[in-house]
> 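Take this structure first; my questions come after.
Just so it is clear, the values below take in all heavy atoms, side chains as well, and ignore hydrogens, waters and symmetry mates. FYI, the numbering just counts along the sequence from 1.
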Amino acid sequence: MNRFEKQKLYPLIFEPIYKEVIWGGEMLRTHLNRELPKTEVPIGESWEIVDRDDAVSVVDNGFLKGTTIRKLIESYGADIMGTKFKGGKFPLLVKMIDAGQRLSLQVHPDEQACKKLPGAEPKTEMWYVIAAKPDANIIAGLNYKCTKRAFMDTYQTTAVESNLQISKSVPGDAYFISAGTVHAIGGGNLLLEIQQNSNTTYRISDWGRLGADGKPRELHVNEAMECINFSYRNSPKITGVVGTASHNRKFPIVKGCRYFKVDDLRLAESWTDNTRMESFHLLTTVNRPIRVVKDDVVAEVGVGRNCLVPAAFGSYMIEVEANKETTVIKTTL
């Protein structure tokens, strides 16, 4: 691709990749109005942007439609990713999680644990609650009373819940799940997940559930014990914004993480931003559609969709519906 074509970079929307899982729900369809493929096993995850050997996102809009994100990075490099990018594959995996049932109790490794676990990839992630049923909850972290012995004595039973931090799910709340944090997403949650580009998960308990084949799913207790940070007791919960306002507001959700940064934008009117070649801007619409505009370039982003604004795009505007506060989650490197 020549330099002239590079000047044509525009906000990119990718085709979702849907994943069938035994615990999947129906909120992608009922809340976000997604047209899902008909499957025997429920859809529980929509991989919005991914670059892995078994799943690669494809552009769904504009003249680059049909191009993989891997090809985009190879062809455009920093013009897509920004000066903060260190090379390689797209560093994040962006998902929508639709939990009809509680997910397994699990943990992900950090860099140190990966040195002991062949084939493991480090995984720190963030969840943002888009919607939740009245009885939905989130399990994230060990509580202050929990000891390693108490956890080992109870992880195979329902009594393990007494050793965990459990919060009622509230739309707008977020959770920063650093590698080594024991966690489980409760049934009835629709979440945005921003994570390192990793698919390493170690199940500690699956709550006695059987898989699609009628057999218990594999557990990885020994590997999990290499990963769990038993000394960490802080709450991963980040309480969401309360109330609305007639002016634009910006709230940091994740700002001290070296893998990604996340802001909650509450927009009552048009918002001007600038990529400054530092990083792409990933914009996730939560409750209303938006338009990403620069000169004669316009990208329509529907509710619950993700738009990647290339790092070379520069100054742009997010246009929203007047007099109705619009929530947009902005992720950068």
Side-chain angles (χ1 to χ4, degrees), residues 6 9-14 47-51 57 59 61 64 69-70 72-73 76-96 122-130 172-179 191-198 236 238 240-241 248-267 270-286 290-294 297 299 301 304-320 326-333:
K6 289 188 177 185
L9 279 173
Y10 56 92
L12 301 164
I13 298 172
F14 294 86
W47 290 16
E48 302 288 297
I49 305 181
V50 57
D51 183 5
S57 292
V59 177
N61 68 321
L64 289 168
I69 190 166
R70 186 171 301 175
L72 286 175
I73 294 173
Y76 292 99
D79 283 352
I80 288 281
M81 301 300 296
T83 56
K84 293 183 178 180
F85 183 52
K86 305 301 183 184
K89 295 180 180 179
F90 191 74
L92 306 179
L93 204 173
V94 180
K95 298 178 181 178
M96 294 289 184
K123 183 176 175 182
T124 284
E125 60 192 22
M126 186 277 315
W127 305 330
Y128 182 91
V129 182
I130 294 175
D173 284 355
Y175 294 81
F176 181 67
I177 310 296
S178 57
L191 309 178
L192 166 68
E193 179 174 293
I194 307 292
Q195 58 159 89
Q196 287 179 270
N197 188 354
S198 164
I238 303 155
V241 181
N248 290 339
R249 299 179 292 166
K250 175 182 176 180
F251 301 92
I253 298 176
V254 179
K255 59 182 179 179
C257 174
R258 58 194 176 104
Y259 310 115
F260 50 81
K261 296 175 176 57
V262 183
D263 292 318
D264 184 341
L265 307 181
R266 301 296 174 104
L267 306 182
S270 295
W271 170 271
T272 300
D273 216 324
N274 196 327
T275 57
R276 305 183 192 281
M277 270 303 296
E278 294 176 350
S279 168
F280 60 81
H281 289 184
L282 173 64
L283 306 176
T284 307
T285 57
V286 173
I290 63 172
R291 287 160 46 99
V292 182
V293 179
K294 178 180 182 178
V297 177
V301 189
R305 295 303 302 271
N306 290 271
C307 176
L308 188 85
V309 181
F313 200 61
S315 179
Y316 66 93
M317 184 174 294
I318 300 175
E319 293 183 351
V320 300
T326 299
T327 302
V328 178
I329 302 304
K330 173 186 165 185
T331 304
T332 61
L333 294 183

> CZ of Arg249 to CH2 of Trp271: how many Å apart, nearest 0.5 Å?
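Rounded to the nearest 0.5 Å, the CZ-CH2 separation comes to 11.5 Å.
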> If you round to the nearest 0.5 Å, how far is CH2 of Trp47 from CD of Glu193?
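Between atom CD of Glu193 and atom CH2 of Trp47 there are 10.0 Å.
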> Mind checking the CD-CG spacing from Glu278 to Leu333? Nearest 0.5 Å is all I need.
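Answer rounded to 0.5 Å: 10.5 Å.
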> Using side chain to side chain contact (heavy atoms under 4.5 Å, CB included), reason through Tyr10 and Val292 one step at a time and then give a plain yes or no.
CA-CA 9 Å; Tyr10 56 92; Val292 182; over 6 Å; no
> Donor-acceptor check, side chain of Glu125 to backbone of Ile177, threshold 3.5 angstrom: yes or no?
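A pair under 3.5 Å: no.
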> Under the 3.5 angstrom rule, does the side chain of Asp173 hit a backbone N or O of Gly240 as a donor-acceptor pair?
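Yes, the answer is positive, given that a donor and an acceptor are paired below the 3.5 Å cut-off.
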> Let me confirm one number: the CG-NZ distance from Leu265 to Lys250, rounded to the nearest 0.5 Å.
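It comes to 7.0 Å.
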> Going through the distances and angles, do Val301 and Leu283 end up as a side chain to side chain contact (heavy atoms under 4.5 Å, CB included)?
CA-CA 9 Å; Val301 189; Leu283 306 176; over 6 Å; no
> Using atom types as modelled and distance alone, determine if a side-chain donor or acceptor of Asn61 lies under 3.5 Å from a backbone N or O of Pro11.
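Yes, Asn61 side chain to Pro11 backbone: donor-acceptor pair under 3.5 Å.
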> Taking the side chain as every heavy atom from C-beta outward, state whether Leu92 and Asn197 have any atom pair closer than 4.5 Å.
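The answer is no; the side chains never approach within 4.5 Å.
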> Between Met317 and Ser270, what is the shortest heavy-atom contact and its length?
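Shortest heavy-atom separation between Met317 and Ser270 comes out as SD-CB, 3.7 Å.
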> Given Leu9 and Phe313, is the side chain to side chain contact (heavy atoms under 4.5 Å, CB included) satisfied, shown in steps?
CA-CA 7 Å; Leu9 279 173; Phe313 200 61; 5.5 Å; no
> Is the Phe260 ring parallel, tilted or perpendicular to the Phe176 ring (thresholds 30°, 60°)?
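Correct class here is perpendicular.
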> Can you find a pair of side-chain heavy atoms, one from Thr272 and one from Ser315, that are under 4.5 Å apart?
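The answer is yes, as the side chains (C-beta and beyond) meet within the 4.5 Å cut-off.
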> Which residues satisfy the side-chain contact (heavy atoms from CB on, under 4.5 Å) test with Thr332, sequence neighbours excluded?
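Residues passing side-chain contact (heavy atoms from CB on, under 4.5 Å) with Thr332: Lys261, Ser279, His281, Lys330.
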> Hey, does Ile80 have a side-chain heavy atom less than 4.5 Å from the side chain of Leu12?
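In short, these two side chains touch, coming nearer than 4.5 Å.
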> Taking the side chain from Asp264 and the backbone from Phe251, do they hold a donor-acceptor pair closer than 3.5 Å?
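No, the answer is negative, given that no donor and acceptor are paired below the 3.5 Å cut-off.
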> In sequence, state the C-alpha distance, the side-chain angles, and the governing distance for Thr326 and Val286, and then conclude on side chain to side chain contact (heavy atoms under 4.5 Å, CB included).
CA-CA 8 Å; Thr326 299; Val286 173; over 6 Å; no
> Closer than 3.5 angstrom, by distance alone: can the side chain of Tyr128 be matched with the main-chain N or O of Ile194 as a donor-acceptor pair?
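No, because the side chain of Tyr128 does not come within donor-acceptor range (under 3.5 Å) of the backbone of Ile194.
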> Kindly say whether Ala311 contributes a backbone atom to a donor-acceptor pair with the side chain of Thr275 at under 3.5 angstrom?
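Judged by distance alone, yes, a pair lies under 3.5 Å.
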> Under a 4.5 Å cut-off applied to non-hydrogen side-chain atoms, are Glu48 and Arg305 in contact?
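Side chain of Glu48 against side chain of Arg305, heavy atoms only: contact under 4.5 Å found.
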> Shortest non-hydrogen contact from Asp263 to Pro252?
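It is OD1-CA, 3.3 Å.
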> With heavy-atom distances below 4.5 Å as the criterion, would you say the side chains of Val262 and Ile329 are in contact?
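With C-beta onward as the side chain, the pair touches.
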> Nearest 0.5 angstrom please: Asp79 CG to Met277 CE, how far?
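One finds 5.0 Å between CG of Asp79 and CE of Met277.
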> Quick check: do Pro91 and Phe85 have side-chain heavy atoms less than 4.5 Å from each other?
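Pro91 vs Phe85: side chains touch.
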> Treating Arg70 as the side-chain partner and Phe90 as the backbone partner, does any N or O pair qualify as donor plus acceptor under 3.5 Å?
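Answer holds: no.
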> Please check: side-chain N/O of Asn274 versus main-chain N/O of Arg276, any donor-acceptor pairing under 3.5 Å?
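Yes.
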> About how many Å separate CG of Asn248 and CD1 of Ile318, when rounded to the nearest 0.5 Å?
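That separation rounds to 9.0 Å.
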> Without swapping roles, check the side chain of Thr285 against the backbone of Val328 for a donor-acceptor pair under 3.5 Å.
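Side chain of Thr285 to backbone of Val328: no pair is present.
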> For residues Met96 and Asn306, determine if any side-chain heavy atom of one lies less than 4.5 Å from a side-chain heavy atom of the other.
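Yes. Closest side-chain heavy atoms under 4.5 Å.
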> Would a 4.5 Å heavy-atom cut-off, applied to side chains only, mark Ile69 and Val59 as touching?
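No, their side chains stay 4.5 Å or more apart.
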